[in-house]
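Structure first, commentary second.
Just so we're clear, the structure is a prediction, and the values are computed from it rather than from any experiment.
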Amino acid sequence: MSRYNLDYLDELEAEAIHILREVAGQFEKPALLFSGGKDSITLVRLAEKAFRPGKFPFPLVHIDTGHNFEETIDYRDKMIARIGEKLIVGSVQKSIDEGKVIEQTGKNASRNTLQTVTLLDTILENGFDACIGGARRDEEKARAKERIFSVRDEFGQWDPKRQRPELWNIYNGKIHKGENVRVFPISNWTELDVWNYIRREKIELPSIYFAHQRDCITRNGQLMAASPFLNMDHEDVVVNKKVRFRTVGDMSCTAAVESDADLIDDIIQEISDSKISERGARMDDKVSEAAMEDRKKGGYF
C-alpha cells in the first residue's frame, strides 16, 4: 500500500482548512478579521482553498483606525475587488466622533488601543458569534496562551483560566448567548512558515513588506515612518532610509527595520538570521510586560 506523505506546509495548510470548515459548520454568523497584513492575507488564501468555488460563509471585517498605511488600504480594496467577497469596515474615527472613545494626546499617542471598542461594537451590531484572526502563538507570550477556539464572555473579555482543552483536533464551539469565539487557524504557524507559504503560493503582499526608501524618524529607539499621525515636533529629525515592515498595524505604533530585502527569498533569510520577533517592532507591546494580555482581557483581538 502506498503512503501519502505531506510536507510540513501541506500539514499546516490542511489543519487551517479543517479549522475554517469547523467554524463554518459550528457557528451561525462568523467573520474573518482582515488587517491587510500578511497573516490575514494568508487566511484569505486558505479560505479560498477551503470554500471555493463557492462564496465564503463569512464576510471580511476590517477595523480601520484611520491611521493605516496607504499601501495597506490600497491592497485591501484591490483584493476585495478581485475575490468578490463582502467587506465590513468598522471605523475608529466614528467611535471617536460618537464619544465612545477618547483620542489620545501627546507625542506617543496612538489609536491602536482604541480599536477594541470599535471591534466589540462591530461584533455586536452584526451579531457575529465567531471572529477568525491571524494571530500566531510564536508572536507574543499572551498569544501563546490562546487556544485555537478562544471563548470571549458577553463583554468581549478573555479569561486565560477559561481556556478549553483541545484534544485530537476536536474544537468546542459551544457558547452561551452574548459570548463569542475568537478562532486562530494559523495559531501553530511561525513567521517563517507564513513566509514560506506565501512564497509557495505566490501570494501578493502590500509593498511595505519589502525594502523601500522611506522618510523616517527615530522614536523611542525605533524607526517610525514619518507621518502627521506621529505628532512630530522640532526634536524629530527626518531621515530617508531603506526599510521594510515585518508587521502591519497603525502607523503610530508600527516600526520599520532597516533592510535591503526586496525579494521573498531575502526576507526569509533575514528572518532566519533575526533574534527579534516581529512584534518587537510594535510600540504598543512595550507599554508594559503584560501589555498584550491586558488588552486581550479588555476585548482586543
Side-chain angles (χ1 to χ4, degrees), residues 16 19-48 50-52 54-101 111-135 149-152 154-158 173 175 177-186 205-206 248-251 295-296 298-301:
I19 293 166
L20 287 170
R21 289 173 175 166
E22 281 290 305
V23 172
Q26 292 196 45
F27 297 96
E28 293 183 6
K29 290 200 68 177
L32 191 156
L33 298 189
F34 183 80
S35 68
K38 67 184 186 309
D39 299 312
S40 59
I41 292 169
T42 296
L43 283 179
V44 171
R45 173 57 58 87
L46 291 165
E48 289 179 310
F51 304 112
R52 289 294 188 244
K55 299 283 287 184
F56 292 178
F58 40 68
L60 277 65
V61 174
H62 180 220
I63 304 302
D64 184 358
T65 67
H67 291 176
N68 296 288
F69 288 91
E70 182 179 348
E71 297 93 329
T72 305
I73 300 301
D74 288 344
Y75 179 95
R76 180 200 70 184
D77 294 342
K78 290 176 182 176
M79 187 203 73
I80 290 298
R82 175 180 62 81
I83 66 175
E85 298 293 342
K86 181 179 180 181
L87 174 69
I88 295 172
V89 178
S91 169
V92 172
Q93 182 62 55
K94 181 182 177 183
S95 298
I96 294 171
D97 293 342
E98 293 177 348
K100 294 181 178 180
V101 292
R111 286 188 174 183
N112 194 56
T113 57
L114 307 185
Q115 294 181 81
T116 298
V117 171
T118 308
L119 171 61
L120 294 178
D121 282 348
T122 303
I123 291 172
L124 182 62
E125 289 168 9
N126 292 276
F128 295 134
D129 52 2
C131 291
I132 304 162
F149 274 29
S150 183
V151 178
R152 298 301 200 272
E154 62 271 26
F155 302 106
Q157 298 175 330
W158 173 66
I175 56 174
K177 185 176 181 179
E179 295 179 334
N180 66 84
V181 172
R182 310 290 170 87
V183 181
F184 307 108
I186 61 172
L205 294 177
V248 171
D250 192 296
M251 287 190 75
R295 292 202 305 277
K296 290 173 81 66
Y300 185 82
F301 198 80

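- Atom CZ of R111 sits about 13.5 Å away from atom CD1 of I63, to the nearest 0.5 Å.
- Between E179 and V151 the shortest side-chain heavy-atom distance falls below 4.5 Å.
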_Let's go through D64 and V92 carefully: what are the C-alpha distance in whole Å and the side-chain angles of both, what is the deciding distance for side-chain contact (heavy atoms from CB on, under 4.5 Å) to 0.1 Å, and is it a yes or a no?_
CA-CA 6 Å; D64 184 358; V92 172; over 6 Å; no
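- For the side-chain hydrogen bond (donor to acceptor under 3.5 Å, both in side chains) test, residues two or more places apart in sequence or in another chain that qualify with K100 are E98, D121.
- Within the 4.5 Å cutoff, no side-chain heavy atoms of R182 are placed close to those of L33.
- Summarising the geometry of P30 relative to V23, their closest heavy-atom pair is CB-CG1, 3.6 Å, with the distance given to 0.1 Å.
- Under the 4.5 Å side-chain criterion, counting only non-hydrogen atoms from C-beta, C131 is not in contact with V61.
- Atom NZ of K94 and atom CG of D97 lie 10.0 Å apart (nearest 0.5 Å).
- Shown here are the side chain to side chain contact (heavy atoms under 4.5 Å, CB included) partners of S35, two or more places apart in sequence or in another chain: S40.
- Separation of atoms CZ (F34) and CG (L87) is listed at 8.5 Å; rounding is to 0.5 Å.
- Within the 4.5 Å cutoff, no side-chain heavy atoms of I19 are placed close to those of L46.
- Within the structure, salt bridge (Lys or Arg N to Asp or Glu O under 4.0 Å) contacts touching residues 20-40 (residues at least two apart or in different chains) are K38-E278, D39-R136.
- Contact record, G134 with L43: N-CD1, 3.5 Å, taken as the closest heavy-atom pair.
- Residues passing the salt bridge (Lys or Arg N to Asp or Glu O under 4.0 Å) test with D129: none are found, sequence neighbours excluded.
- For F149, the ring pair (Phe, Tyr, Trp, His ring centres under 6.0 Å) partners two or more places apart in sequence, or in a different chain, are F27, Y171.
- L20 and A47 make their closest contact through CD1-N, 3.7 Å (heavy atoms, listed as atom of the first residue, atom of the second, distance).
- The neighbour count for K78 NZ, taken as heavy atoms of other residues, nucleotides or ligands under 6.0 Å away, does not exceed 12.
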*Apply the test side-chain hydrogen bond (donor to acceptor under 3.5 Å, both in side chains) to residues T65 and D250: give CA-CA distance (whole Å), side-chain angles for both, the deciding distance (0.1 Å), then the verdict.*
CA-CA 7 Å; T65 67; D250 192 296; 3.0 Å; yes
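- Of all non-hydrogen atoms in V248 and G37, the two that sit nearest each other are CB-CA, 4.2 Å.
- Residue pairs meeting the ring pair (Phe, Tyr, Trp, His ring centres under 6.0 Å) criterion with at least one member in residues 68-89, sequence neighbours excluded, are F69-F245.
- Listed by chain and residue number, nothing satisfies the salt bridge (Lys or Arg N to Asp or Glu O under 4.0 Å) test with K86 (two or more places apart in sequence, or in another chain).
- Counting only residues at least two apart or in different chains, salt bridge (Lys or Arg N to Asp or Glu O under 4.0 Å) contacts with residues 65-74 comprise E71-R214.
- Judged as a side chain to side chain contact (heavy atoms under 4.5 Å, CB included), and not counting sequence neighbours, the contacts of I73 are H62, N68, R76, D77.
- With sequence neighbours left out, R52 forms a side chain to side chain contact (heavy atoms under 4.5 Å, CB included) with E48, F56, I83, E85.
- Side-chain contact between I41 and P206: present, with at least one pair of heavy atoms (C-beta onward) separated by less than 4.5 Å.
- Two residues are said to be in side-chain contact when any heavy atoms from C-beta on lie closer than 4.5 Å; M79 and L60 meet this criterion.
- By the side chain to side chain contact (heavy atoms under 4.5 Å, CB included) test, N126 pairs with I88, T122, F128, sequence neighbours left out.
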